[in-house]
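In what follows, chains carry the letters A, B, and so on, assigned in the order in which the sequence lines appear, proteins first and then strands, with residues in each chain numbered from 1.
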Amino acid sequence: MTSDSKESRELSDRYNPSEVESRLYKWWEESGFFHAEESSTKPPFCIILPPPNVTGHLHLGHALNQSVMDCLCRWKRMSGYNVLWLPGTDHAGIATQSVVEKKLLEEGTNRKDLGREKFLEQVWAWKEQYGNRICEQTRRMGSSLDWERQVFTLDEGVSKAVTKVFVDLYKQGLIYRGTRLINWSSKLESALSDLEVEYKDVKGSIWHIRYPLADGSGSLVVATTRPETMLGDTAVAVHPLDERYKDFIGKEIALPLTNRKIKVIADEYVDREFGSGAVKITPAHDFNDYEMGKRHNLQFINILNRDGSLNEQCGEYQGLKVNLARKKVIEDLEAKKFLVKVEPHQHSVGHCEKSGCVVEPFLSEQWFLKMQTLADPAMRVAESGTVKFEPENWTKTYLHWLHNIQDWCVSRQLWWGHRIPAWYCDNCDFITVSEKSPKECGGCKGKNLRQDEDVLDTWFSSQLWPFTTMGWPEENELQKTFYPTDILVTGHDIIFFWVARMIMAGLKFKGDVPFRTVYLHGLIRDSQGRKMSKSLGNSVDPVEVIEGYGADALRFTLLSQIASGRDLKFSQQRLEGNRNFMNKIWNAARFTLSVLEDFEVPEDGYIPSSSDLSAADRWIVYKTGKCEDEVHKALQNHRFSDAANAVYSFAWHEFCDWYLEFIKPIVYGENASEKKATQLVLAQTINRLVRLLHPFIPFISEEIYQKLPIRKDVLMLDSYPTPSKDKAWLAIGSEQSALEMDLVREVITAIRNIRGENRIKPGVKLKSRVAPKDDKGQKIVSANRNAIMSLARLEQLDIQQEGSLAKCAVTPVSISGIHLEVVVPLEGLVDFDEEIKRLTKVLDKVRKESAGISKRLSNENFLKNAPEDVVELGKKQIDELSAQIKVLEGALERFR
RNA sequence: UGGGGUGUAGCUCAGUUGGUUAGAGCGCCACGUUGACAUCGUGGAGGUCAGCAGUUCGAAUCUGCUCAUCCCAACCA
């Protein structure tokens, strides 16, 4: 224990978050308090930070995410664990390339003009600037990350690992190159995975077009939302059992506008009810048509260029973008009388998640990863509970997705990312896939090799994050100590993108799950429940919040609201409320320190003699233990809001509202040994309180801690208080002391209530008589006379059974079998009407309650079936209530 | 169409295995600066627990149905 001089124990008048936060964070970081040992006698605890993108800045989602992780890490660190919280950033291929391209556009240039090399230089410059900025912002949250181990997804080591994984998977036949229909973003000019497509409902039209038979013997009508794709039609399909089209099957159609001949085929996929019951088939531009094209061996005609314009297959329409082509095709169809009708039609259209453009199904040669063999073990670990999802209903969502998993298109036609380690030969068709740049073709030994231009999907490297951050594929101590990590904390929006893939990759390459628990929190919405987005202008910058309210207030707000995976609404009011909480704690600490000015720290383990301890002293120690227990259990179950709320109500409504008020007459009083005992309880309690608070509000707690008379050097390295520790100290408190305080509090509240309801000003001191019904009550009230007088603002307190009741307010009080009456003479103070009103109200309430219980007790079935203690309780209550009714009726009678 | 949430005070949400009078924060009303704090204190008002039916001595809690609302997935020629 450390004891400081008086001067250093003072806290400034006002808490200044920004000054304190930057000073303390710097101190913590430079002292190496965030650093984890590669191996240690302490048990390990490890969390990998979901790496933020280097695109821009932190948003509230990060703030939430980090508040949770930092709370866990600080709690575990204080609980004696060797804690590694591993930071890093993500290159975020598409996202970062997009923002840089946007910037270039504003500067009047573009990536194609710059060329690959120059463009990448620009992106790296961007990364330097924003990558650092985002780390600075993360520091401002107070996140206790081991910065010495920071990793970036394009670091050399990580890149090597990514390449190795690609090569291994290729050699095992799990990665293959193939020409298939994929999602294509014509704005990015790149392939996308299924997950990167966002479906939105769009109001469009459905066009009915007449398709004549080639032999002139008739025609049928097809319905389509995309008439321009008819340029790529290679069949018309009808249902085999559809009577209307029976005779058409097998015949040829002369496609309008081009006059190309296509067949009418029969396929059960066709819905007879929809549209005309005849479907145009465009295998190269629709996923269903693609499947049908394969089934019927149809021709695949690609009508698009990479930029979304129509290609040379389209004759006079060549060069037009899809929208314009559609317009022209319709005009031409109408002019040539092929257009039958147009109807409005709402349907969902895939959009590129990043660029916003319409996604085209596009026939293209890409790299794919076979997922089925990876998915199977990933399903098993979720089923067996080796990986636990919290809340657990996400397990179902996860399994469902894995069950229906499709191969993953991993190549992107971008420049920013991990280049695909594949080389093509100019002489033969052989593809050389290798970790190192090959000298010759693996097939024909030719020397003219070109590396694949494409890069890998960002998530391809992200899936390896839990072990590439630890230096894999090299074996090392770090991985032995910390892999598998303990818990992944993330939003449920990336459960497929990231969580599922990490599990598959971890099992594949490390032979073990990457984390034991997946904690999925909800997303942050604005106060109206809308998603936060830049376009809506409702997104909140956490740094601005921190500047206005302090990091602690922000953290506490988020932590006190996060529960059971639900989305949470962010409100200014809550933030203010919690800023006020910080203020409350600050002031409570200031007051505490002023009370402890002349306090001398006794030896370790010293316990004051019980005669010197007040009821409040024993009570607050008891409540401290209760609160510690609650917080500890809540944290173990990841119920952060429960933990935050428990500590909040303890700090404010028990410690501040009652304890600090209660001890005032003692610490300002004459009895030196009582004062000393109380000072010790106060010093110990505030010490435990700030330790308890630290994982939630690290800055203000550490700042206060540094001024406390009883403390160690650093709060964040001190131990986390739990009832299992310091049993000798906590034994001061007891259930009995809680009971005693409850009674005292009830008496005080009763007098305050009489004062308030009768509009007696707080400045007016009252006389009161407390009439205990037995010795126990008598003793308790007497022992706490000073506190009652002070907190109820009395000038006189008589404790006696007998006394006048005339013109007196009377309130019965009962606590666990102890009964007493609180009597306040009102003569000359008030108009009695108010008191009559008050008494009537109380009486009504008590009668109602009594009636309810009587009714239950008179029910034979209840007496027969209910457990004995429930029945007993009811009987006891009826007795108490009846006594109270009598007292209240008497009081009321005397006023009439 | 399928899957999953949610519906409790004016607002945001707690409410464990059914069991006293359903809680908190903010907001609201009244009074107030008493030697930490007006970012405060004391007192108070405010709820048919979405609706209906059922199980039970007893339901916010369990079951079924209905309504509202949100998210995810699929289909959409």
K.L.:
Please name all residues satisfying side-chain hydrogen bond (donor to acceptor under 3.5 Å, both in side chains) with A:H403, sequence neighbours left out, ordered by chain then number.
P.N.:
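Here no residue qualifies.
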K.L.:
Counting the benzene-type ring for Trp, do A:Y15 and A:W586 have ring centres under 6.0 Å apart?
P.N.:
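Yes; A:W586 has its ring centre under 6.0 Å from that of A:Y15.
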K.L.:
Nearest to the side chain of A:K841, heavy atoms from C-beta on, is which of B:rG44, B:rG32, B:rG19?
P.N.:
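Closest nucleotide to the A:K841 side chain: B:rG44.
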K.L.:
State which of B:rA73, B:rA36, B:rC57 makes the closest approach to the side chain of A:H400.
P.N.:
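Nearest listed nucleotide: B:rA73.
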K.L.:
Between atom NZ in A:K864 and atom P in B:rG19, what is the gap in whole Å?
P.N.:
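Roughly 22 Å, once rounded to whole Å.
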K.L.:
With sequence neighbours excluded, tell me which residues meet side-chain hydrogen bond (donor to acceptor under 3.5 Å, both in side chains) with A:H638.
P.N.:
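Partners of A:H638 under the side-chain hydrogen bond (donor to acceptor under 3.5 Å, both in side chains) test: A:E390.
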K.L.:
Are A:H492 and A:W394 close enough that their ring centers fall under 6.0 Å?
P.N.:
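Yes; A:W394 has its ring centre under 6.0 Å from that of A:H492.
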K.L.:
Taking the side chain of A:N753 as heavy atoms from C-beta outward, which of B:rC37, B:rU21, B:rG43 is closest to it?
P.N.:
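When the side chain of A:N753 is considered, B:rG43 is the closest of B:rC37, B:rU21, B:rG43.
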K.L.:
Could you check how far CH2 of A:W586 sits from P of B:rA36, rounded to whole Å?
P.N.:
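These atoms are roughly 17 Å apart.
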K.L.:
Report the residues that fulfil side chain to side chain contact (heavy atoms under 4.5 Å, CB included) with A:N183, sequence neighbours left out, ordered by chain and then residue number.
P.N.:
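For A:N183, the residues satisfying side chain to side chain contact (heavy atoms under 4.5 Å, CB included) (neighbours in sequence not counted) are A:L192, A:D194, A:V197, A:F287, A:V359.
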K.L.:
Run through RNA chain B and report every stem of 3 or more consecutive Watson-Crick or G-U pairs, distances under 3.5 Å, ordered by first number.
P.N.:
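When the pairs of RNA chain B are grouped into runs of at least three, the stems are B:1-7 with B:67-73, B:10-13 with B:23-26, B:28-32 with B:40-44, B:50-54 with B:62-66.
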K.L.:
How is A:I760 classified with respect to the nucleic acid when contacts are heavy atoms under 4.0 Å: base, sugar-phosphate, or nothing?
P.N.:
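It contacts nothing in the nucleic acid.
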K.L.:
Ring-plane angle category for A:H345 and A:F274, please: parallel below 30°, perpendicular beyond 60°, tilted otherwise.
P.N.:
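Because their plane-to-plane angle is over 60°, the rings of A:H345 and A:F274 count as perpendicular.
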K.L.:
Can a side chain N or O of A:K584 be found less than 4.0 Å away from OP1 or OP2 on B:rG41?
P.N.:
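Indeed, a polar side-chain atom of A:K584 lies that close.
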K.L.:
So if I take every side-chain heavy atom of A:E757 and compare against B:rA36, B:rG44, B:rC71, which nucleotide ends up nearest?
P.N.:
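The answer is B:rG44.
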K.L.:
Can you identify which nucleotide, out of B:rU34, B:rA36, B:rG43, has its nearest atom closest to the A:R793 side chain?
P.N.:
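Taking heavy atoms from C-beta onward, the closest nucleotide is B:rU34.
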K.L.:
Out of B:rG41, B:rG44, B:rA36, which nucleotide sits closest to the side chain of A:D657?
P.N.:
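Among the listed nucleotides, the one closest to the side chain of A:D657 is B:rG41.
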K.L.:
Just checking A:T224: base, sugar-phosphate only, or nothing, at a heavy-atom cut-off of under 4.0 Å?
P.N.:
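The residue A:T224 makes sugar-phosphate contact but no base contact.
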K.L.:
Would you mind classifying the nucleic acid contact of A:F556 as base, sugar-phosphate or nothing, using non-hydrogen atoms under 4.0 angstrom?
P.N.:
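No contact at all - A:F556 keeps every heavy atom at 4.0 Å or more from the nucleic acid.
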K.L.:
What is the distance from CD of A:E661 to P of B:rG35, rounded to the nearest Å?
P.N.:
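Rounded to whole Å, this separation is 11 Å.
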K.L.:
Between B:rG5, B:rC57, B:rG25, which one does the side chain of A:N393 approach most closely?
P.N.:
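Shortest atom-to-atom distance from the side chain points to B:rG5.
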K.L.:
Can you check whether A:N587 has a side-chain N or O nearer than 4.0 Å to OP1 or OP2 of B:rA36?
P.N.:
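Answer is no, no contact under 4.0 Å.
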K.L.:
Which nucleotide in the set B:rG44, B:rG32, B:rG19 lies at the smallest distance from any side-chain heavy atom of A:P762?
P.N.:
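That would be B:rG32.
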K.L.:
Tell me whether A:W401 is stacked on the nucleobase of B:rA73, counting only the six-membered base ring and applying the 5.5 Å and 30° thresholds.
P.N.:
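Answer is no, no stack.
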K.L.:
Does the Lys NZ or Arg CZ of A:K664 fall within the cation-pi geometry relative to A:F591 - under 6.0 Å from the ring centre and within 45° of the axis?
P.N.:
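Yes, A:K664 sits over the ring of A:F591.
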K.L.:
Residues two or more places apart in sequence or in another chain: which of them pass side-chain hydrogen bond (donor to acceptor under 3.5 Å, both in side chains) with A:Y398?
P.N.:
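For A:Y398, no residue satisfies side-chain hydrogen bond (donor to acceptor under 3.5 Å, both in side chains) once neighbours in sequence are set aside.
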K.L.:
Closest approach to the side chain of A:W652, judged atom by atom: which nucleotide of B:rC37, B:rU21, B:rG41 is it?
P.N.:
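Selected nucleotide (nearest to the side chain): B:rG41.
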K.L.:
For every nucleotide of nucleotides 9-15 of chain B, 5' to 3': is a protein heavy atom under 4.0 Å from its base (B), only from its sugar-phosphate (S), or from neither (-)?
P.N.:
---BSSS
K.L.:
By the 4.0 Å heavy-atom rule, please label A:S641 as base, sugar-phosphate, or nothing.
P.N.:
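Answer is nothing: A:S641 stays at 4.0 Å or more from every strand.
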K.L.:
Nearest to the A:N580 side chain among B:rC40, B:rC57, B:rG43, which nucleotide is it?
P.N.:
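Given the options B:rC40, B:rC57, B:rG43, the side chain of A:N580 is closest to B:rC40.
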K.L.:
Evaluate whether atom CD of A:E343 has more than 12 neighbouring non-hydrogen atoms of other residues, nucleotides or ligands under 6.0 angstrom away.
P.N.:
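Yes, the 6.0 Å shell around CD holds more than 12 heavy atoms from other groups.
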K.L.:
Between B:rU55 and B:rG10, how many Å separate the two C1' atoms, rounded to a whole number?
P.N.:
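Nearest-Å result for B:rU55 against B:rG10 at atom C1': 36 Å.
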K.L.:
Quick check on RNA chain B: between A:Y648 and A:D201, whose nearest nucleotide comes earlier from the 5' end?
P.N.:
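Of the two residues, A:Y648 wins.
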